[in-house]
Number of protein chains: 2
Amino acid sequence: MPRFTPGELSVMGVLWEHGEMKPSEIQERYPEPIKNPALRSYLTILLDKGHISRRKVGKAYYYKAVTRQQSAFSETVREVIDAYCGGSAQALLLNLIRSEKLSEEELVELKRLADGEPPGPPKRRRKKS
Amino acid sequence: MPRFTPGELSVMGVLWEHGEMKPSEIQERYPEPIKNPALRSYLTILLDKGHISRRKVGKAYYYKAVTRQQSAFSETVREVIDAYCGGSAQALLLNLIRSEKLSEEELVELKRLADGEPPGPPKRRRKKS
DNA sequence: AGTGATGTGCAGAATATACTGCACATAAGC
DNA sequence: GCTTATGTGCAGTATATTCTGCACATCACT
């Protein structure tokens with residue numbers, strides 16, 4: 001359900017990284033210069049959508065992420081895979097491996113990961129989403 | 001540069017899969033029921049943005065993709081990686097591997113791919129796009 | 001109490017997205 | 001030539017996104 005716009009995603013990124021913060025603090029860490037009122041309008045939208053919550057401390061509101069980064073990430077990846085790879089995660093992997101984004105070390109690490117997980121269906125569920 | 005909206009992406013998907021087509025044909029293959037005027041408004045937007053081009057054949061316009069699927073895909077993946085993984089493709093892979101999206105066979109295939117590609121810069125280009 | 005800095009609330013506004021509707025043009029068959 | 005599909009052009013609407021501006025509240029300090 002995320003489908004964050006660029007502006008929303010930047011805000012979420014700051015909150016995911018730094019936790020609970022008030023607007024002026026988010027503003028400082030926002031990836032590009034942004035004016036306070038503009039930022040606050042993003043916060044309002046995210047609040048409406050339920051992706052963040054806020055809490056009054058003194059005279060200021062402190063905002064924090066409700067939607068978890070991992071959830072948003074997984075959903076986004078799924079959407080990309082569905083849209084571009086006919087639902088097959090393999091095509092995404094192939095693209096990643098073929099592109100310059102993966103160094104040789106990363107490939108080695110990747111194989112290690114692939115080895116570590118497999119035999120049989122993993123018992124531990126990952127149903128937190 | 002893509003940042004396709006859901007509607008735009010659906011249109012691009014049809015054009016990527018089936019090549020040059022006129023609106024009524026795209027409409028038939030659109031993933032969900034869509035009215036002709038609605039579809040045409042997407043086409044107009046995509047045309048404005050330069051993602052598609054059109055050519056008159058008889059009385060109808062035939063539309064085809066200008067932006068390649070591979071390009072849009074790569075860019076989208078990069079955006080996701082930048083936004084969610086601090087630019088590291090590895091985090092994306094880790095997520096894919098840990099999720100239920102990859103079967104055991106896919107992991108085996110994955111390792112094969114990781115093995116097949118590595119040492120040095122790959123000589124074979126994949127520039128057919 | 002008065003002043004300034006910092007926050008908030010609210011009311012727009014410009015553009016983009018996601019549509020709808022209808023008049024008009026063109027091609028094909030009678 | 002006339003009618004009927006089929007397709008286009010254009011204008012308009014509703015909502016979302018991305019902002020801006022300003023009045024007002026609160027806190028700290030003197």
Side-chain angles (χ1 to χ4, degrees), chain A residues 1-15 18-65 67 72 75-76 79 83, chain B residues 1-15 18-67 72 75-76 79-80 83:
Chain A
M1 289 306 203
R3 259 282 168 188
F4 294 120
T5 65
E8 291 171 350
L9 189 52
S10 295
V11 172
M12 295 303 293
V14 174
L15 291 180
H18 297 99
E20 203 178 35
M21 293 201 306
K22 59 181 174 177
S24 59
E25 292 168 342
I26 299 171
Q27 193 183 348
E28 285 170 19
R29 286 163 177 87
Y30 198 84
E32 52 200 298
I34 187 174
K35 290 179 184 165
N36 188 279
L39 170 64
R40 284 194 297 128
S41 86
Y42 295 166
L43 289 171
T44 302
I45 291 172
L46 285 168
L47 206 55
D48 283 350
K49 293 183 179 173
H51 292 306
I52 59 177
S53 65
R54 69 181 189 178
R55 172 171 80 93
K56 200 155 200 167
V57 177
K59 70 173 170 177
Y61 282 108
Y62 280 72
Y63 294 81
K64 72 175 177 203
T67 298
E75 250 184 83
T76 303
E79 275 175 30
Chain B
M1 293 299 210
R3 260 282 166 186
F4 294 120
T5 64
E8 291 171 349
L9 190 52
S10 295
V11 171
M12 294 304 292
V14 173
L15 291 179
H18 298 98
E20 205 177 34
M21 294 202 305
K22 59 182 174 176
S24 59
E25 292 168 342
I26 300 171
Q27 193 182 348
E28 286 170 18
R29 286 164 177 87
Y30 199 84
E32 51 199 300
I34 187 176
K35 289 178 185 166
N36 188 279
L39 169 64
R40 284 194 297 128
S41 86
Y42 295 167
L43 289 171
T44 302
I45 291 173
L46 286 168
L47 207 55
D48 284 349
K49 293 185 180 172
H51 292 306
I52 59 177
S53 65
R54 68 181 191 179
R55 170 172 80 94
K56 199 154 200 168
V57 177
K59 70 172 171 178
Y61 282 109
Y62 280 73
Y63 294 81
K64 73 174 175 202
V66 169
T67 298
E75 249 183 85
T76 303
E79 275 175 31
V80 170

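Here is the naming used below: chain letters follow the sequence lines, and residue numbers restart at 1 for every chain. Heavy-atom basis, side chains included; hydrogens, waters and symmetry copies ignored.
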Could you go over nucleotides 24-30 of chain C and give all protein N or O partners under 3.5 Å, atom names and distances?
residue: C:dT26; atom: O2; partner: B:K59; partner atom: NZ; Å: 3.3

Non-hydrogen atoms of B:P23 and B:N36 that approach each other most closely: CB-ND2, 4.4 Å
B:E75 side-chain N/O to B:A72 backbone N/O, donor-acceptor pair under 3.5 Å: no
Interatomic distance, B:R55 CZ vs D:dT8 P [rounded to whole Å]: 13 Å
Gap between atom CG of B:L15 and atom CG of B:L43 - 0.5 Å precision: 7.0 Å
Atom-to-atom span, CD of B:E32 to P of C:dA18 - whole angstrom: 11 Å
CD-CD1 distance between B:E20 and B:I52, expressed to the nearest 0.5 angstrom: 11.0 Å
Over all atoms of both residues, closest heavy-atom pair of B:Y63 and B:I26: CB-CD1, 4.4 Å
Nearest-angstrom distance from the residue atom CG of B:L39 to P of C:dT17: 16 Å
Gap between atoms CG and C1', on B:N36 and D:dC10 respectively (whole Å): 15 Å
Rounded interatomic separation in angstrom, taking CD from B:Q27 and P from C:dC19: 13 Å
Distance, nearest 0.5 Å, that separates CG of B:L47 from CZ of B:R40: 12.5 Å
Gap between atoms CG and C1', on B:D48 and D:dC10 respectively (whole Å): 14 Å
Non-hydrogen side-chain atoms of A:P31 and A:V14 separated by less than 4.5 Å: yes
Closest heavy-atom pair and its distance - A:L9, B:A83: CD2-CB, 3.5 Å
For nucleotides 15-19 of chain D, print each protein N/O atom paired with a nucleotide N/O atom at under 3.5 Å, atom names and distance only.
residue: D:dT17; atom: OP1; partner: A:K49; partner atom: NZ; Å: 3.3
residue: D:dT17; atom: OP2; partner: A:K49; partner atom: NZ; Å: 3.4
residue: D:dT18; atom: OP2; partner: A:T5; partner atom: OG1; Å: 2.6
residue: D:dC19; atom: OP2; partner: A:Y42; partner atom: OH; Å: 2.9
residue: D:dC19; atom: O5'; partner: A:Y42; partner atom: OH; Å: 3.0

Side-chain-base donor-acceptor pair under 3.5 Å for A:R40 and C:dG9: yes
Heavy-atom side-chain proximity of A:Y42 to A:Y30 below 4.5 angstrom: yes
Rounded to 10 degrees, the angle between the two terminal axes of the helix from C:dA1-D:dT30 to C:dC30-D:dG1, each from five pairs: 10°
SB check A:E8 A:R3 (cutoff 4.0 Å): no
Interatomic distance where CE belongs to B:M12 and P belongs to C:dT17 [whole Å]: 14 Å
D:dG9 phosphate, OP1 or OP2, under 4.0 Å from B:R54 side-chain N/O: yes
A:K56 to A:K59 - nearest heavy-atom pair and separation: CE-O, 3.8 Å
